There are 2 protein chains.
Amino acid sequence: MAKKKITIGDIAKALGVSKTTVSFVLNGKARKIQISQELEKRVLDYIQQVGYIPNQYAQGLRSGKTRIIGMLVEDISDSFFSAIARQIEEKAYKMGYKIVYSSTENNTEKAKEMLEVYKNSRVDGYIIAPPPAIENEINELIKDGFPVVLFDRTLPGLYTDNIIVDNFNSVYEAMTHFVSNGFKNIAFITLSSDQVQMLERERGYLQTMSEIGAPYIIKRIKYHDDKLHSIQEIETFLTSHRHIDAVFFATNYIAENGLEAIRNLKLTIPDDLGVIVFDDNNMFRLFSPSITAISQPINEIASNSISLILDKLTNKLASHDQSVNIILKNTLVIRESSQKKQRTK
Amino acid sequence: MAKKKITIGDIAKALGVSKTTVSFVLNGKARKIQISQELEKRVLDYIQQVGYIPNQYAQGLRSGKTRIIGMLVEDISDSFFSAIARQIEEKAYKMGYKIVYSSTENNTEKAKEMLEVYKNSRVDGYIIAPPPAIENEINELIKDGFPVVLFDRTLPGLYTDNIIVDNFNSVYEAMTHFVSNGFKNIAFITLSSDQVQMLERERGYLQTMSEIGAPYIIKRIKYHDDKLHSIQEIETFLTSHRHIDAVFFATNYIAENGLEAIRNLKLTIPDDLGVIVFDDNNMFRLFSPSITAISQPINEIASNSISLILDKLTNKLASHDQSVNIILKNTLVIRESSQKKQRTK
DNA sequence: AATATTTCCTAAATCGGTTTAGGTTTATTA
DNA sequence: TAATAAACCTAAACCGATTTAGGAAATATT
C-alpha cells in the first residue's frame, strides 16, 4: 500500500506521451488544447489504475495555489467556534481543501501576525471572525485578490462577504419573551466592546426597554484572563442593583461567569433573577433550572462560509468582484430560567 | 506593506553573490561550508532589512519538508480535544509549524482516509488520538520515518511515543472517594469499546468494587449519532436497576447523556444517585448540584505532544529510533454530586 | 619556488508540476 | 495542386528553493 511517489514524468514515460499531455488531461484542459478523446481516456485510465496523486508542493510552487484555507477564529476551544470549525473542516476536505486555523483571542496584534503567517504560507483563501481594527489588513488581502469570508461579525466599511446572524432581532425576541413572563427590570451584561455584533445585541435590548418604558441597566465588563475577576465584577454589580429581576448575558464568556456569580450570591433562578444567554451550550438544558438561550445556526454559518469561499476559489472570482451578505436567523430556545410562571414544582 | 514576493535570487543579485551562498546562510550552514563571517553578516542583515521569507512550496518541493503537522482527533468540537488543539496550535505556530487537523469520529475508515490525505499533503509529522484498528497505517508511517505521537490512547503492540493519562489510578481514586462517602452500589456506564483507555478506566472500577466486595454493575452503550437513543438506553438501565446508589460515567459523551437521563427520571443528585464523570467540563461547577469530575491535565497533554513532535522533527530522529511513554496524572475535582453527607442545605 | 591545503564561494542540477510557444500531420479550401 | 486551417501533441522554460561538485584565490608546506 505504501506507494512510491509516482510523478507526472513516470506516467508520461509509461504511456509514451509528454508530461504536457498528461498535465493537460489532469487539469481537464484536454478539450481546450485538443487532445483526442482516445488519448485522454488512456491517460485517465492509467492515472486511475496507478492511483497517481500530484505533488501539491510542485503545484503550489508553479501555480501559486495551495488548496489551503486559512481560518481565524476567536478561540478554537470555544464551543461555538469549534463547532463551526468542525463543519468547515469536513466540507473543505471533501472538496480537496485543507484548513489551517488559529485562535486570535480577539487580539488585533495576534490576528495580524497570523495573517502574515498565512500570507507567507500562500493560503488560497481566508475565513475570518475578525477582531477589531483589522480592516486594513483585510483590505490588503482583498486588494491582492484573495477570497475572504467574514463570519460572526462584520467590519464596517469593508466590502467583503459576510455571514452573520440577526443579533438585533433575536435579542429583541428574547427580551420580549422576558417581558411577557413578567420581568421588567432587566439588566444587560455585556463585554465592553464596540464590535458590531455586540452593539447590535445591545440595540435589541435598548429597543425592548424603551418600548416598555423601563430604564436601561447596562453593565459592561472587560474580558479578563482571570475569570475570577470577571465573576466578582458581576457579583458586585448584582449586589448593588437589587431591584433587577432578570439579566441578559450577551456572550457565552459573560454567561459562564455570570452564572457563577449568581450561584455565589445564592440567588434563585428564575424567582430571584430570570436569565437568558446569548449563544447556546450543550449543557444549558441540563442545568437546574435549565437555561434559556439564543441558539445560533452553527450548521448554516459553517456551510455558508465554506461554500462561499469554495465558490470564489473555484470560479476564480476575486473578492472584490461581488460581495454577498448573509444574515441568518437565530433561535430562541426557551427553557426554565426565563419563565417565572410556568415553572414546574 | 504588501511586499512583492522577493526571492532568493533577488537577494543574491542585490548583494552580488550567488543563490547558493544565500541559501547556505539562510540555513545556518554558513559555518559548515566556510562562508566568511563578514559575508554571512551582510546577507543576514540584508534579509532582515527586506523582510525576506522563503517560499514554503519551493522549500517543500525541494526538501520534501512542509512544516505542517497533521493532527487527528476524535472530534474537534469536543471540549477536551479542542482545548488540546488550541494549545498545540499555539506552540506549533511559535516554532514555525502549522497544524492541520481533522476529526475522525473515532471511525477507522475516516481516519485512514485522512491519513492518506495527510500523506499526500506531505505533512512532516503526526499527532494522533487513534481510533481502533489503525495499527497498520500508523506502522506504515513510522516505517516511512515520520514522527508520530499518539495521545489519549495507545494502540497495543505499537512502538510509538505516547502521551496518556493514568486512567486506572484516577478512576480508582474516584471510586474510593465514592465509597468513603457511603456509596456502594455503584454502576459504571461506559462506551462499548475495547480501546485501552476505556478498559483501564473499567479496571479502576473493577478493582474498587472487588476490594469492597460489591457486585459489578456495568452498562455499555454504543455511540449513537442520535443522542436520544443513548439517553433512553441509560434511562432504561437506571429504572431497571433501582438499587444503584451512584454512577460513574466513563466519558463526557456518556456523561452528557447520562445526566440528561437522570434529569428525565427526576432523580436527585446525590441523594438518589451519586455522580462522578470522567473528563471535566467548564460547566460542571455551575450545575446544581455541581458535578464531581476527573479532570485531565490538558495543558500537559498538549505541551508534551507538541514538544515531542518538534523534538523529533528538529533532531531528525526517525520515530523508531526511540520511543517515549508519558503517563500524566489526572485530578479528581470533588464537587457536590459525589458527597452524600457534606451537602450544604 | 613548486606543490598541497585551506578558505571562500558558485554553476548547475534538481524537486514535480504548469504553461507558453510551437511543430507535425491530416483535412479543407482556393 | 498549393496554400490554409484544424487537430493533435510536445520541447523547454519556469516556479523558488536546496545541494552536489568543483573552481579560484589565499595560505601553508616541503
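This is a predicted model, so every value here is computed, not measured. In what follows, chains carry the letters A, B, and so on, assigned in the order in which the sequence lines appear, proteins first and then strands, with residues in each chain numbered from 1.
Computed from coordinates, the A:Glu40 CD to D:dC8 C1' distance equals 13 Å when rounded to whole Å. Rounded to an integer number of Å, the gap from A:Phe24 CZ to D:dA11 P is 13 Å. A:Arg62 places its CZ atom 14 Å from the P atom of C:dG17, with the value rounded to the nearest Å. For the pair B:Leu61 CG and D:dC15 C1', the interatomic distance rounds to 9 Å; values are reported in whole Å. Between A:Tyr57 atom OH and C:dG17 atom C1' there is a gap of 14 Å when expressed in whole angstrom units. Computed from coordinates, the B:Lys41 NZ to C:dC8 C1' distance equals 19 Å when rounded to whole Å. If you take CD1 of A:Ile8 and P of D:dC9, they are 16 Å apart, rounded to a whole angstrom. In this structure, the CZ atom of B:Arg67 is 15 Å from the P atom of D:dA17, given to the nearest Å.
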Assess the residue pair A:Arg153 and A:Glu74 against the criterion (salt bridge (Lys or Arg N to Asp or Glu O under 4.0 Å)); give the C-alpha distance rounded to whole Å, side-chain angles, the decisive distance to 0.1 Å, and a yes or no. CA-CA 11 Å; A:Arg153 23 228 142 126; A:Glu74 185 169 326; 2.4 Å; yes
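Across B:Ile134, B:Asn162, B:Ile128, B:Thr160, a single residue satisfies side-chain contact (heavy atoms from CB on, under 4.5 Å) together with B:Leu155, and that is B:Ile134.
In terms of position on DNA chain C, the residue among B:Glu38 and A:Leu26 whose nearest nucleotide sits closer to the 5' end is B:Glu38.
Residues in residues 9-23 of chain A take part in no salt bridge (charged side-chain N to carboxylate O under 4.0 Å, His left out) pair, two or more places apart or across chains.
Legend: residues meeting ring pair (Phe, Tyr, Trp, His ring centres under 6.0 Å) with B:Tyr101, ordered by chain and number and at least two apart, are A:Tyr101. Here A:Glu109 pairs with A:Lys112 under the salt bridge (Lys or Arg N to Asp or Glu O under 4.0 Å) rule; sequence neighbours left out. Every residue meeting the salt bridge (Lys or Arg N to Asp or Glu O under 4.0 Å) condition with B:Arg86, not counting sequence neighbours, appears here in chain and number order: A:Asp75, A:Glu105, B:Glu90. Taking the salt bridge (Lys or Arg N to Asp or Glu O under 4.0 Å) definition, one finds that A:Asp124 meets it with nothing, sequence neighbours left out. Under the side chain to side chain contact (heavy atoms under 4.5 Å, CB included) criterion, A:Leu44 pairs with A:Val25, A:Glu40, sequence neighbours left out. Here B:Asn139 pairs with B:Ile142, B:Leu158 under the side chain to side chain contact (heavy atoms under 4.5 Å, CB included) rule; sequence neighbours left out. For B:Arg67, there are no salt bridge (Lys or Arg N to Asp or Glu O under 4.0 Å) partners, not counting sequence neighbours. Scanning for ring pair (Phe, Tyr, Trp, His ring centres under 6.0 Å) contacts around B:Tyr118 gives an empty result, with sequence neighbours left out.
A donor-acceptor contact under 3.5 angstrom links the side-chain atoms of B:Thr20 to the base of C:dA11.
In the helix from C:dA1-D:dT30 to C:dA30-D:dT1, the end axes, each obtained as the rotation axis mapping the C1' atoms of four pairs onto the next four within a five-pair block, lie 60° apart to the nearest 10 degrees.
Considering only the side chain of B:Asn27, D:dT18 comes nearest among D:dT18, C:dG16, C:dC9. If you check D:dA17, C:dC9, C:dT10 against the side chain of B:Pro54, the one that comes closest is D:dA17. For A:Ser23, the listed nucleotide lying nearest its side chain is C:dT18; candidates were C:dT18, D:dA17, C:dA11. The side chain of B:Thr21 lies closest to C:dT10 when the candidates are C:dT10, D:dA12, C:dG16. Here the nucleotide nearest the side chain of B:Lys29, chosen from C:dG16, C:dT20, D:dT19, is D:dT19. The side chain of A:Asn55 lies closest to C:dG16 when the candidates are C:dG16, D:dT19, D:dA17.
Taking every heavy atom of residues 11-19 of chain B and every atom of DNA chain D, pairs under 4.0 Å involve B:Lys19, by number.
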Give every pair of a protein N or O atom and an N or O atom of nucleotides 25-28 of chain D that lie under 3.5 Å apart, one pair per line with the distance.
none

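Under the 30°/60° scheme for interplanar angles, the aromatic rings of A:Tyr126 and A:Phe146 are found to stand perpendicular.
In this model, the phosphate group of C:dT18 is approached by a side-chain N or O of A:Gln59 to a distance below 4.0 Å at OP1 or OP2. Contact annotation: B:Tyr52 side-chain N/O to D:dA17 OP1/OP2 distance is under 4.0 Å.
Taking CD1 of B:Ile69 as the start and CD of B:Glu89 as the end, the distance is 12.0 Å to the nearest 0.5 Å.
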